[in-house]
Amino acid sequence: MLSFEEAQVKLESAGQSHVLRFWPELSAEEKAGFLEELSQLDAGELEKHCRSAAEAATQSSGDPERLCGRMEPVEPEFIGGVRRSDPVSLKEWEEEGFSQIAQNKVAVLLLAGGQGTRLGVPYPKGMYNVGLPSGKTLYQIQAERIRKVQSLASEKCGSQCTVPWYIMTSEFTLEPTQNFFKDNGYFDLDPANVVMFEQRMIPAVSFDGKIILEKKNKLAMAPDGNGGLYRALVDNKVLVDMERRGVQYLHVYCVDNILVKLADPLFIGFCVKKGADCGAKVVEKAYPSEPVGVVCRVDGVYQVVEYSELEPETAEQRHPGGELVYNAGNICNHFFTRDFLWDVALNFQEILKQHVAIKKVPFVDAEGKPVKPTKPNGIKMEKFVFDVFQFSKKFVAFEVLREDEFSPLKNADGAAVDTPTTVRRSLLAQHYRWALRAKALFLDEHGNPITSEYRSVQDSDPPAVCEISPLVSYFGEGLEKLLKHRTLKSPFLLNDNNVNS
Ligand SMILES: CC(=O)N[C@H]1[C@@H](OP(=O)(O)OP(=O)(O)OC[C@H]2O[C@@H](n3ccc(=O)[nH]c3=O)[C@H](O)[C@@H]2O)O[C@H](CO)[C@@H](O)[C@@H]1O
């Protein structure tokens, strides 16, 4: 740990000596904690970070105009997908995916370092209970899908297999996530196959390039964005761990999509068969201002342009037939080969673009009193996980159906979209459709058969409540033998322990 004098020199060389202005007022314990925090900062990096944050903030407003002239949509024939591809290919890709999983070559990696500010809960989003009949949290649903895909691959290919679960957390989410997993017995996964690691934190900076003090003895720190993944993979020797386990392919996904298909055999198989080193799942965008990035080309190179950086005029462009020109919505489900990740980690992660977010950052005023700003006062710099696509030698995109694979939890109830209510509805609607497809019959609350046609929409509940455990069915498979011609009374919960009842 640094001494006070060393910290002074370090901060001075980075032009940041103001952060020690309350030093004489701190207790011995506070001083020690603060020095510990300051010890982790590199003077050279700090100086560069603060300078480039201030510079980027002044330039950011001009950026989108320049970007839109360089953007082109992805050609439809470039995208594979569940609607676009023929059934024989789909089957072949799925089998390939299962075979890779059965050979222990596939792992999943959860991006869970975000603060979930929009949802507004004081704990990691994965711990959120969206109000399903089972009371399952997002983490539990994901864990059970991993268990199920492992058992499906094992059954199909006749060998026991493991899909390791890497979880990237941050200072905000590591401890509560660890405790939650321990308290829940790792949801019956082997703890040796659940690997949590932490991404870096970087300071928020004022418009004149000065680190913001959140408390007298604490810098305002934030995670370095989900693109901090590539540095964290090296810092925490995750790629070495993948190598040790023989994992060659990684499915990276974000925490909040209740419909996420972990280690999706179809997507994995598609990417492997196409010889891709990098891939992204997309859905058709729902409306121009939907907060999803778009997969497109910029200067001829495949990339994602994030919703926050896309000009409204560009987002609203339509083809003569009415469909959006930039229609390939990024659902934050990515495929990478381990070799590609090594390449990025060793050669490109330091040059990944820094995206600027202008935010309200709580700070202490000249007297040391905490202030919650009412207007933006600070700059947070973030790297984005998809910014590595440009380094890919073979990038592919795969389109999936929104109603089957994308329903994210972003906002608290009361907002129009992406709330606990909408995600719960998406999951229950999917399970209801699966049960109907398996030829189950439902009774309404008065005991009358439900006969009306059902079209799932996010703004109404399905006619009956039906929840199917991921341990019973991963993607609607295997239900006919359990549900055909059975009469089910709402609410109906199909668990792994009541399948025969
Ligand atoms: C940069 C990025 O990927 N943006 C995508 C993200 O947007 P969106 O803005 O919704 O991204 P979030 O802030 O929810 O972050 C996505 C994921 O990254 C994690 N996270 C975030 C910040 C961080 O420092 N560390 C970290 O691990 C979050 O915990 C979350 O699991 O999801 C949308 C789909 O829902 C996509 O259309 C966006 O293109």
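For ligands, and for the atoms within them, numbers begin at 1 and follow the listed sequence. The basis for the numbers below is simple: all heavy atoms, side chains too, and nothing from hydrogens, waters or symmetry mates.
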Review point. Are Tyr139 and Phe187 near enough that their ring centres are under 6.0 Å apart?
Key: no

Review point. Any idea which heavy atoms bring Leu90 and Phe398 closest together, and the distance?
Key: CD2-CZ, 4.4 Å

Point to revise | Atom-level proximity to ligand 1, residues with heavy atom under 4.0 Å | key: Leu111, Ala112, Gly113, Gly114, Arg118, Met168, Gln199, Pro223, Gly225, Asn226, Cys254, Val255, Asp256, Val292, Gly293, Glu306, Tyr307, Asn330, Cys332, Phe384, Val385, Phe386, Phe406, Lys410

Point to revise | Pi-cation contact, Phe384 with Lys353 (under 6.0 Å, within 45°) | key: no

**Study point:** Salt bridge present between Asp264 and Lys281 (N-O < 4.0 angstrom)
**Key:** yes

Exercise for review: Could you tell me if the ring centre of Phe391 sits under 6.0 Å from that of Phe348?
Suggested key: yes

Practice item. Can you establish whether the number of heavy atoms outside Glu313 located under 6.0 Å from its atom CD is more than 12? Key: yes

